[in-house]
Amino acid sequence: MMRTHTCGELRASDAGAQAVVCGWVETVRDHGGVLFVDVRDHTGMVQVVAHPEEAPDAFAVAEKARAEYVLRVHGEVRPRPDGTVNPDLPTGEVEIGVAGIEILARSEPLPFQLDESVVTDEGLRLRYRPLDLRRPRLQHTLRLRARVTAAARAALEAEGFVEVETPTLIRSTPEGARDFVVPSRLSPGEWYALPQSPQLYKQLLMVAGVDRYFQFARCWRDEDLRADRQPEFTQLDLEASFAEEEDVLTWVEAAVAAAFAAAGRGWEIELPLPRMAWQEAIDAYGSDKPDLRAGPAIVDISRVFAATEFNAFASTLEAGGAVRAWRLPRGGDRTRSQLDALVERAQELGAKGLVWMVVEEDGSLRSPVVKFLTEAEQDGIKTALEAEPGDLVLLAADLARLASHVLGQLRVELAAPRGHGADSGVAALWVVDFPLFEEGGDGGPAPAHHPFTHPNVEDLDRLESDPLSVRSRSYDLVANGLELGSGSVRIHTADVQERVFRILGLSEEDIHSRFGFLLDAFRYGVPPHAGFAVGWDRLVMILADEASIREVIAFPKTQTGADPLSGAPAALDAGQLGEVGVMLTPETTVRLTELEERRGRPHG
RNA sequence: GGUCCUGUAGAACAGCCUGGAGUGUUCGCCGCCCUGUCAAGGCGGAGGUCGCGGGUUCAAAUCCCGUCAGGACCGCCA
């Protein structure tokens, strides 16, 4: 038996027991005579004491111990002497009196300290990720992730969902994000793509009669990275037959609520989640993923200025724009230069300008523009925003959508809790009634979600005449300003699907080459179906209270898509390229040669 | 493709604005001392391509240009 106990489990009640523990050396405190070693595993830490008189051989071994050596220690669990109990440690009432120590593995001095108090460079952390992962915070996150995943899986299985794996080497369907591609050796010159989501396959599973499908699916998108975006990521993907919006929302709520409960943060969410129409989100939060934690909503106060003499507002309103405002509670203590910086930021975001107002103790407004406003207008602002003394009010006069966008962005930047330790709880909601189409790059309609999203039945008669006004039967799950997932009721009738394809301007040939195998399958009895996908990394990110998705992925990639640990991506040798019939362009060869020179090692 | 921040000893930083000898702090590492610490303590020591390349200058960690790497963001992400 390698061990009888884990390091973190020993308590006063274990006193008197013989214990064998294994773990890494956290610290060694050598007093010349008595010597303490803190031994750590994923459960915690226990103090081991070595006395030269009690066990001279073990003491000699203990003296050699250094940070991160791997030890196996045996001895008696005993209460610590009076006055030496450590209340900061769960095991702090006891210690192990050493009878014997084995050094199972030595460790070189670490490239960085595991101490949580210093923030290590991310490149270095990823280069030595196994060490980084030894830190309690990351150990905790890995286990949190496993726990919430298991809970969500159980919740869906309880509803009769069946876990099915779908392929990762699939045909490229040139829509949406850029595909990662994989060359084929058996068919040189032909390529697989890695799925951006299992979308088509899960719909095929509905045709197959699986009825309720789910999968924790790895997905790949070859796009630039962000704090909440990795090129490979995990979705909790689900699809159900004979199901509509309410069914899907209920199941997703159950899975997500189970996950939140399993996280054990006391952040259980109240069901059902609130719902907000897409248009309201855009108007009142300037975003289709509103962060409900970031203070009050944006208010349209155009009516207050219907007859204003303040030129900037009057001309905007005349031109069909709007005046919108947002209030930052207790934000009025900002300095003039901080307020000027806000104006600059607003202009960066595309606003013509930004008006700030501070509500003084006597209720009056302090602002560079207040002299242009009537008493009634000033009162109108305060009333509409429910402004209190000490508040900061920001006004933007612009095209309505731009005004909301700018104020919404400032709202998040000024008032949203951010990052590890914010412990801000969770504010989740559904955003519904998305438009079916948005304006595409070529000016024509493009799918806002994907081309199989069912139009809102009430809007069907406007599909051809006014496509951009048609709402869809899709829904987004939003939490803390992050898009946590999206889904829709799918089109399952050929005539609606054809009308949508026609509006998207897809030719028969396009349709056949991109989605032919799905539509073929639909010819043989497709049940009405609907589904959803939850961005699982992001969900864990919220539960772990982390500001970066990299913190919840065991082996993430840097912003340039590199893995400093393995050195991926890396050049292939000519033989491997030849097997798949791939030849590098001259420019690419030059790039690799330069890389090789810089790194001073061969690339093949 | 673009904007911004960062890069100085094994780690985290200060120094840079306002050029003047690789100067400093904390941690780690090595040696010695130390019998109840828990971020142990005391004394001593080693450790540097100031990311890289170029330019300006009598003189560059410091100013300028380029480049690489890490990060934040815009574009992109049906």
Side-chain angles (χ1 to χ4, degrees), chain A residues 26-40 45-54 59 66-68 80-89 91-92 95 97 107-128 131 173-179 196-197 199-200 219-231 233 345 348-350 409 413 418-419 434 436-438 440-441 445-453 472 474 483 486 488 500 504 506 514-515 535 547-548 550 557-560 562 564 594-595 597-600:
Chain A
E26 177 81 11
T27 51
V28 180
R29 292 179 294 280
D30 185 349
H31 286 246
V34 69
L35 179 150
F36 303 94
V37 184
D38 288 338
V39 181
R40 181 200 71 237
M45 207 160 71
V46 65
Q47 172 167 287
V48 165
V49 191
H51 278 283
E53 298 88 0
E54 290 178 10
F59 182 84
R66 295 291 180 272
E68 301 303 317
R80 295 196 187 187
D82 285 347
T84 64
V85 165
N86 183 347
D88 298 331
L89 215 56
T91 62
E95 60 191 15
S107 169
E108 294 178 17
L110 302 188
F112 55 88
Q113 289 162 250
L114 300 189
D115 193 330
E116 305 268 334
S117 67
V118 287
V119 179
T120 311
D121 173 75
E122 278 214 40
L124 196 65
R125 288 178 57 198
L126 294 183
R127 168 79 182 80
Y128 297 98
L131 287 178
T173 56
E175 285 266 336
R178 207 172 281 118
D179 280 327
Q196 299 175 24
S197 82
Q199 183 63 35
L200 299 180
C219 305
W220 291 265
R221 294 180 189 174
D222 188 4
E223 298 293 347
D224 287 359
L225 291 81
R226 288 287 188 281
D228 62 352
R229 265 161 44 187
Q230 281 274 300
F233 60 99
R345 177 68 183 135
E348 259 174 50
L349 291 165
Q409 190 64 38
E413 288 173 14
R418 285 255 165 267
F434 274 75
L436 185 63
F437 302 109
E438 55 194 21
H449 184 50
H450 62 57
F452 313 112
T453 305
S472 69
S474 68
E483 182 191 327
S486 61
S488 61
V500 168
L504 292 173
L506 295 180
R514 293 181 192 185
F515 316 115
S548 162
R550 294 181 298 278
K557 303 208 170 19
T558 66
Q559 197 164 61
T560 54
E594 286 170 356
L595 258 186
E597 281 165 7
R598 267 205 303 279
R599 291 175 180 171

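Nothing here was measured: the structure is a model prediction, and the numbers come from that model. So you know, we letter chains A, B, ... as the sequences are listed, proteins then strands, and number each from 1. Quick note: numbers below take in every heavy atom, side chains included, and nothing from hydrogens, waters or symmetry partners.
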Determine if A:H31 stacks with B:rG41; use a centre-to-centre distance below 5.5 Å and an interplanar angle below 30° as the criteria. no

With nearest nucleotides of RNA chain B determined for A:S548 and A:P52 from heavy-atom distances, which residue corresponds to the more 5′ nucleotide? A:P52

When you compare B:rC29 with B:rG75, how far apart are their P atoms, in angstrom units rounded to a whole number? 47 Å

Does the side chain of A:P447 come within less than 4.5 Å of A:L504's, by heavy atoms? yes

Can you check whether A:R29 has a side-chain N or O nearer than 4.0 Å to OP1 or OP2 of B:rU37? no

When rounded to whole Å, the CZ to P distance for the pair A:F59 and B:rG36 reads 12 Å

Counting heavy atoms from C-beta on, name the nucleotide in B:rG28, B:rU37, B:rG70 closest to the side chain of A:Q113. B:rG28

Are A:R226 and B:rC74 close enough that a side-chain N or O sits under 4.0 Å from OP1 or OP2? yes

Is any NZ, NE, NH1 or NH2 atom of the basic residue among A:E68 and A:R40 found under 4.0 Å from an Asp or Glu carboxylate oxygen of the other? yes

Tell me the partner of B:rU67, counting only Watson-Crick (N1-N3 plus N6-O4 or O6-N4) or G-U wobble (N1-O2 and O6-N3) with both under 3.5 Å; none if nothing fits. B:rG51

Contact check, side chains of A:H450 and A:S474, non-hydrogen atoms, under 4.5 Å: no

Side-chain N,O (A:R550) to OP1/OP2 (B:rA72) below 4.0 Å: yes

If pairing means Watson-Crick or G-U wobble with both distances under 3.5 Å, then the partner of B:rU57 is none

Starting from P on B:rG66, measure out to CD on A:E594 and report it in whole angstrom. 17 Å

How close or far is atom P of B:rU3 from atom CZ of A:R345, stated in whole angstroms? 16 Å

Only pairs with both distances under 3.5 Å count, Watson-Crick or wobble alike; so what is the partner of B:rC30 in this structure? B:rG44

What is the separation between atom CG on A:L89 and atom P on B:rU37, rounded to the nearest whole Å? 15 Å

Indicate, yes or no, whether a donor-acceptor pair under 3.5 Å links the base of B:rG75 to the side chain of A:E223. no

Can you check whether any acceptor in the base of B:rG75 is under 3.5 Å from a donor in the side chain of A:D224, or vice versa? yes

State which of B:rG36, B:rC29, B:rG70 makes the closest approach to the side chain of A:A562. B:rG70

Heavy-atom side-chain contact between A:T558 and A:R550 under 4.5 Å: no

Identify whether any heavy atom of A:Q559 sits under 4.0 Å from a base atom; if not, whether one sits that close to sugar-phosphate; answer base, sugar-phosphate or nothing. base

For A:E95 and A:L110, find the nucleotide of RNA chain B closest to each by heavy atoms; which residue's nucleotide sits nearer the 5' end? A:L110

Expressed as a whole number of Å, how far does the P atom of B:rC32 sit from that of B:rG54? 45 Å

Name the nucleic acid region contacted by A:S197, choosing base, sugar-phosphate or nothing; use a 4.0 angstrom heavy-atom cut-off, strictly under. base

Heavy atoms, side chains only, cut-off 4.5 Å: are A:E54 and A:F59 in contact? no

Regarding A:R229 and A:D224, does a basic nitrogen lie under 4.0 Å from an acidic carboxylate oxygen? no

Nucleotide paired to B:rU23 in any strand shown, Watson-Crick or G-U, under 3.5 Å: B:rA14

Separation of B:rC27 atom P from A:L124 atom CG, nearest Å, is 20 Å

Any idea which of B:rG36, B:rG31, B:rG71 is nearest the A:R66 side chain? B:rG31

Kindly say if A:T27 contacts the phosphate of B:rA40, meaning a side-chain N or O under 4.0 Å from OP1 or OP2. yes

Classify A:D222 by what it touches in the nucleic acid, base, sugar-phosphate, or nothing, heavy-atom distance under 4.0 Å. nothing

Say you pick atom C1' in B:rG47 and the same atom in B:rU56; how far apart are they, in whole Å? 33 Å

Rounded distance (Å) that lies between atom P of B:rA40 and atom CG of A:D88: 13 Å

B:rA14 and B:rU8, which share atom name C1', separated by this distance in whole Å: 10 Å

Using atom C1' in both nucleotides, what's the gap between B:rG55 and B:rA60 to the nearest angstrom? 11 Å

Could you state the atom-to-atom distance from CD of A:E26 to P of B:rG28 in whole Å? 12 Å

Integer angstrom distance from the C1' of B:rG28 to that of B:rA9: 11 Å

Hey, is the side chain of A:T558 poking within less than 4.0 Å of OP1 or OP2 on B:rG70, counting only N and O atoms? yes

Any side-chain heavy-atom pair of A:F437 and A:V500 under 4.5 Å: yes

Is the phosphate of B:rG70 approached by A:T560 (side-chain N or O, under 4.0 Å from OP1 or OP2)? yes

With the side chain defined as heavy atoms from C-beta on, A:D121 is closest, among B:rG36, B:rC73, B:rA12, to B:rA12

Does a side-chain heavy-atom distance below 4.5 Å link A:L89 with A:M45? yes

The side chain of A:V34 lies closest to which of these nucleotides: B:rG36, B:rC73, B:rA11? B:rG36

Among B:rG70, B:rG75, B:rG36, the nucleotide that comes nearest once only the side chain of A:R229 is considered: B:rG75

To the nearest Å, how far apart are A:L114 CG and B:rA12 P? 13 Å

Base, sugar-phosphate alone, or nothing: which one does A:P81 contact when heavy atoms must sit under 4.0 Å apart? base

For the P atoms, the ones on B:rC13 and on B:rU6, what distance do you get once it is rounded to whole angstrom? 12 Å

Does A:Q559 reach the side chain of A:E122, with side-chain heavy atoms less than 4.5 Å apart? no

So, is A:Q47 near the phosphate of B:rU37, with a side-chain N or O under 4.0 Å from OP1 or OP2? no

Strictly below 4.0 Å: does A:R80 bring a side-chain N or O up to OP1 or OP2 of B:rC38? no

In whole angstrom, give me the gap between the C1' atoms of B:rC50 and B:rA12. 16 Å

